[in-house]
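Working notes, structure below.
All of these numbers come straight from a predicted model, not from anything done at the bench. We count ligands from 1, going down the list as the structure has it; atoms in each ligand are counted the same way.
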Amino acid sequence: MPCARCNEPAVTLVRYSGQHLCAGHFCEFVERRVKREIHRQVEFRGGERIAVGLSGGKDSSTTTVLLHEVLAPRRDVEVLAITVDEGIASYRPEGIRFAKALCEGLGIEHHVVPYEETVGWTMDEVVAAEPAAIPCSYCGVFRRTTLNRAAREAGADYVATGLNLDDTAQSILMNIARGDVDKLARLGPHDHPQPGLVPRLQPLRTIPEKEVYLYAMLRGIPFHDGTCPHSERAQRGRFREILNRLEEDSPGTRHAIVAGYDRLRPLFAERFPPPELNECVACGEPTANLMCKACELQTRLGDRKAQADREPETVH
Ligand code: SF4
Ligand SMILES: [Zn+2]
Ligand SMILES: [Zn+2]
């Protein structure tokens, strides 16, 4: 099958647009949308530092490469990368290796920040202390706070994440299903910066996950293709399945969900404005409460550990 735009053989069918595209035109199709999204989310004034939260996986590696390329003509804007090390021994070291190699290849500044340094626990320790809990409910909170702090300390004006279209549509559905309107209102790139919180950029939010994968493969972007051992227990998996089925039946559903959400965002911002933030009494990070969620979780883990230490060992 030839490409819809030239005579080269097509490498993919973009189902939601009905177009077969060759490698060159497919890459151009991805790059055009990412570039538009970056400029839609930030108005560069010069002197900005953009930190990518780089795990070494396909999404964040592609985000790093594309931001680096899109911003290359602007010598007054700098791209750097921060890799949060969750402390998952069977998974994370390989991702860090890929992240380091990518940053060395691009010649950009790279920081590796272990959880332990900010929250005092590795994910392996969390799982051992709280075997019944869903690991991602700790990991997501710890990663967000670690990345935000590291970005602030690195003098970053924005944090870019590798969130793709599938992730975005899943988050919208998940928060609707939970009735969590406050969280729903705060999804997406930050339009209204808040003190202490480095604003987020999401350059891939209109690119489907499969397209990110194909793009990375076609461009030869090196990335870690592993899966976290805890990902199967993530609630997000159920929403991924539902969304994949909807997309299969009606191509374009993910785009429609995100586009519909974007039309509602101004109303959300008006009706559910972000809460005033204070400094957490324990760590100083921004929070709407007295204590931030990361410190709350650390306290809970500390209690569990103290309880386990007090209980006599069971004899089998
Ligand atoms: S799957 Fe869950 S535990 Fe694993 S890295 Fe992602 S958020 Fe953390
Ligand atoms: Zn073509
Ligand atoms: Zn705190």
Metal-centred angle, SG of Cys292 through the Zn ion (ligand 3) to SG of Cys295, rounded to 10 degrees: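 Here the angle at the metal atom is close to 110°, to 10°.
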Lys/Arg-Asp/Glu bridge criterion (N-O < 4.0 Å) met for Glu37, Arg40: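 Between Arg40 and Glu37 there is a salt bridge, with a charged N closer than 4.0 Å to a carboxylate O.
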What is the ring orientation for [X] with [Y], classed by angle as parallel under 30°, tilted 30 to 60°, or perpendicular over 60°?
X	Y	value
His224	Phe98	parallel
Tyr16	His255	tilted
Phe26	Tyr215	tilted

Backbone or side-chain N/O/S of Cys228 under 2.8 Å of atom 8 (Fe) of ligand 1: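 Checking Cys228: none of its N, O or S atoms is under 2.8 Å.
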From the candidates His230, Met123, Arg143, the one that places a heavy atom nearest atom 6 (Fe) of ligand 1: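 Selected option, by shortest heavy-atom distance: Arg143.
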Minimum-distance protein heavy atom relative to atom 8 (Fe) of ligand 1: Cys139 SG, 2.3 Å
For Cys136, atoms of ligand 1 separated by under 4.0 Å from a heavy atom: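 So the atoms of ligand 1 that pass are 1 (S), 2 (Fe), 3 (S), 7 (S).
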Cation over ring face, Arg32 and Phe29, 6.0 Å, 45°: no
